[in-house]
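Remember, it's a predicted structure, so these values are computed and weren't measured experimentally. Note that ligands are numbered from 1 as they come in the structure, with each ligand's atoms numbered from 1 the same way.
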Amino acid sequence: MSADSLRQRLLELRREIARHDYAYYVLNAPIIPDAEYDRLMRELLKIEAGHPEWVTPDSPSQRVGGAPQAGFAEVRHAVPMLSLDNAMGEDELADFDRRVRERLGTDHAVEYNAEPKIDGLAISLRYEDGLLVRAATRGDGERGEDVTANVRTVHAIPLRLMGEGWPKVLEVRGEVYMPRKGLAALNARLARAGEKTFANPRNAAAGSLRQLDSRITATRPLSFFAYGWGEVDGLALPERHSTMLERLREWGLPVNPLNQVVHGLAGAKDYAARILAKRDALDYDIDGAVFKVDRLADQRELGFIARAPRWAVAFKFPPEEELTELLDVEWQVGRTGALTPVARLKPVRVGGVTVSNATLHNMDMIRQKDVRLGDTVIVRRAGDVIPEIVGSVPERRPPHARAITAPAACPVCGSHVEQVEGEAVARCTGGLYCPAQRREAIRHFASRRAMDIDGLGEKLIAQLDEAGLVKRLDDLYRLKLADIAALERMGEKSAQNLLEAIEKSKHTTLARFLYALGIREVGEATAQNLARHFGTLESIMDASIEQLMNVPDVGPIVAEHIKDFFAEPHNREVIAGLLAAGIHWDSPAHRAGEQPLAGKTYVITGVLTGLTREEAKARLEALGAKVTDSVSKKTSALIAGESAGSKLAKAQALGIPVLDQTQFEALLAGR
Ligand code: IVH
């Protein structure tokens, strides 16, 4: 290839990769499979290796990080980076709104641009002629640190602005953050490597961005939301803050999709309530909502006091982290015998609820976080996870603080506790001899998403267990009215209700039954996949490891657990007992006539004529097939309608059969 056409190819690759970065990291809608992306990247790297003089800072190859720096240079912000005044509670929000209206001399509702307050690290990105030239931390607001090399590794941040109409100089302000899932994966990786883990996403984001070695930053799952701007040269600003954010979005910058213009105090309160309700379900931490007067002319009129604008406020949500005292540690025995250290705490309000217990996960975590009895500890309750201790405050350690040790014997049954090599957890070896394991197994079996035995809760299970009435799961189905009624605080009526609930549970589904058995690592989704794939309990019980591994989501470890479970004669006896007691489910064939597509998995993409995707899905499912959203090597075939995109490419790359509309109709018709 001539140097000219090689260079053309290089530029083409850069544009192509930037487009895929945008689709993947900003829109969360990848266009091509990872393997294809890697191929483009390798081609680019190869060309650049042959022509180092062609490497430019906006090349996607520069996202992998470079040689470590000695330190960070200082950057003076052309426009200072301000902070926000806080409003704690609705009264203070009302005060803010009143002050704004007084200063603007209006009785009307003010329009605010409402945004989530992202819990990360403020950053300023400087684009000159559309090219990212510098990134700096906030520092003291006047001067920050030059973290350009690190910021280049954040894929959600464009190295070159997209679209058109951007000004000669554009400073974008926003928050670098680490998604919760990313933090969990990072911490797991750090823990495996025996390194220190991060207590929360903010620390992780800050720690990652302040790495002197940008190659390390490149391995950290950081992301970014733009929420404002600093210096802008060569553009007449629009009339509204919300319009400018819209521009930023058009230029390829990620802007939070929850941003919204709201009317007046009532609109702001309503927005805050909605965002708070969503808080746990988001993939990133937020610590409040930010309200900004939307009209820029009004912003200018309102101006600033000290370090914060008068036109914006941060409405703070209840904190997700608090300090409290660790009073004691108790060891809870789970269904599989795993011993979990549970911290007993001096009660404290976190994230809007009072917390007096929190998990310490396992012995490794306790050591790693250096937590001792009597310590002041940081409790965190974020997302829908159970409260956890994320660290201690050694400076506040009292002299009487004592080390935490795992018990040598099970606190419930006294059996020997074993620590499996390479596993962080300690396990009680008592099996079903251990009341805790037995009771947990029953509780799981009876739970709503398993056999759904209404009214069979923890207390009642303990009573039944103490009375020796339920030694095995199938004993539940042999309970007599008189036995139950004789229990303390149990009348004839409640006993009758329980018997009815037990009776009702006999009619179930194969998936629920499998899940209820409590096989290690077989959750609801895996149970459903197993049921769909095999169709009958017998075939699952007799399946080989290889056959089990053909099921979506089932890897070698899960397959091993399933095989081990059914190899255990005791388990087979219990299952036989349960079936003999009358537990049954409709066989798939029974339910919808024939099920010729049982065990098959399809993905639907593109536009089908004459039926919606939902209808297509329903038709396939009626024939026993499973329909999923993403193509994997376990997909039986891809149904591709008009203008199919990335899924088609992925199916082709994986060599998965593709059916067009005609072939799909033939499939439905059984031809
Ligand atoms: S606006 C002039 N908007 O909160 C206003 N800040 O206490 C400058 N933050 O340093 C900030 N989400 O790190 C703004 N949607 C948002 C934000 C946000 C998070 C952070 C930012 C800032 C701090 C202010």
Side-chain angles (χ1 to χ4, degrees), residues 77-88 92-93 96 100 112-125 135-145 147 151 154 156-157 171-179 200-206 208-210 222-232 237 240-242 244-246 248-249 253-262 268 271-272 274-276 278-279 282-296 298-317 319-320:
H77 299 300
V79 174
M81 289 182 77
L82 303 172
S83 62
L84 293 170
D85 272 341
N86 291 331
M88 306 299 216
E92 292 188 17
L93 187 60
F96 164 77
V100 166
Y112 294 109
N113 192 58
E115 311 169 2
K117 187 167 188 291
I118 315 296
D119 201 3
L121 198 72
I123 201 97
S124 183
L125 309 172
T137 59
R138 177 169 180 275
D140 63 4
E142 300 285 340
R143 273 172 253 264
E145 288 177 320
V147 287
V151 164
V154 180
I157 295 179
E171 270 183 17
V172 178
R173 303 271 162 90
E175 201 85 348
V176 167
Y177 68 94
M178 188 174 289
N200 57 46
R202 180 167 24 88
N203 290 1
S208 303
L209 214 53
R210 297 200 67 266
L222 295 173
S223 197
F224 176 76
F225 279 126
Y227 53 64
W229 57 93
E231 187 181 348
V232 177
L237 287 178
R240 291 170 176 274
H241 179 89
S242 52
M244 183 63 177
L245 292 187
E246 208 39 59
L248 296 183
R249 184 178 281 148
L253 289 150
V255 175
N256 195 297
L258 299 173
N259 289 4
Q260 189 189 330
V261 177
V262 299
Y271 179 84
R274 273 184 288 128
I275 294 292
L276 183 56
K278 277 200 185 131
R279 186 189 202 180
L282 296 176
D283 189 32
Y284 45 87
D285 276 15
I286 60 173
D287 54 355
V290 182
F291 299 103
K292 301 173 182 171
V293 172
D294 199 34
R295 289 176 55 89
L296 298 184
D298 289 345
Q299 286 193 4
R300 280 187 285 273
E301 188 173 335
L302 287 159
F304 306 88
I305 16 167
R307 316 255 11 102
R310 283 204 192 87
W311 45 263
V313 75
F315 178 74
K316 299 284 272 195
F317 290 161
E320 295 185 310

Output the list of atoms in ligand 1 that are nearer than 4.0 Å to some heavy atom of Glu115, sorted by atom number.
3 (N), 15 (N), 16 (C)

So which protein heavy atom does atom 7 (O) of ligand 1 come closest to, and at what separation?
Leu84 N, 3.5 Å

Side chain to side chain contact (heavy atoms under 4.5 Å, CB included) involving Arg138 - partner list, sequence neighbours excluded:
Met81, Ser83, Ala122

Only heavy atoms of Leu82, strictly under 4.0 Å: list the atoms of ligand 1 that pass.
2 (C), 8 (C)

Heavy-atom nearest option to atom 3 (N) of ligand 1, drawn from Glu175, Lys292, His241
Lys292

Any heavy-atom pair between the side chains of Val100 and Tyr112 that's under 4.5 Å?
yes

What atoms in ligand 1 come closer than 4.0 Å to a heavy atom of Ala122?
10 (O), 13 (O)

Tyr177 and Phe224: ring-ring contact (aromatic ring centres under 6.0 Å, His included), yes or no, with the steps?
CA-CA 6 Å; Tyr177 68 94; Phe224 176 76; 8.4 Å; no

Are Ser242 and Asn113 linked by a side-chain donor-acceptor pair shorter than 3.5 Å?
no

Count the heavy atoms belonging to other residues, nucleotides or ligands that lie under 6.0 Å from CZ of Arg210, then report whether that count exceeds 12.
no

So, regarding Trp311 and ligand 1 (criterion: nitrogen or oxygen to nitrogen or oxygen, under 3.5 Å), is there a contact or not?
no

Min heavy-atom dist Gly228 to ligand 1 below 4.0 Å
no

For ligand 1, is there an atom lying under 4.0 Å from some heavy atom of Pro116?
yes

Walk me through it: do Asn256 and Tyr284 pass the test side chain to side chain donor-acceptor pair (under 3.5 Å)?
CA-CA 11 Å; Asn256 195 297; Tyr284 45 87; 3.0 Å; yes

With atom 14 (C) of ligand 1 as the reference point, say which of Phe291, Tyr227, Tyr177, Phe225 has the nearest heavy atom.
Tyr227

Contact check: Lys117 vs ligand 1, nitrogen or oxygen atoms, below 3.5 angstrom
yes

Is Val293 close to Leu302 at the side-chain level, that is, under 4.5 Å between some pair of heavy atoms?
yes

Partner residues of Thr137 under the side-chain hydrogen bond (donor to acceptor under 3.5 Å, both in side chains) criterion, sequence neighbours left out
none

Residue, atom and distance of the protein heavy atom nearest atom 12 (N) of ligand 1 read Ile118 N, 3.1 Å

Protein contact to atom 2 (C) of ligand 1 [nearest heavy atom, distance to 0.1 Å]
Pro309 CG, 3.6 Å

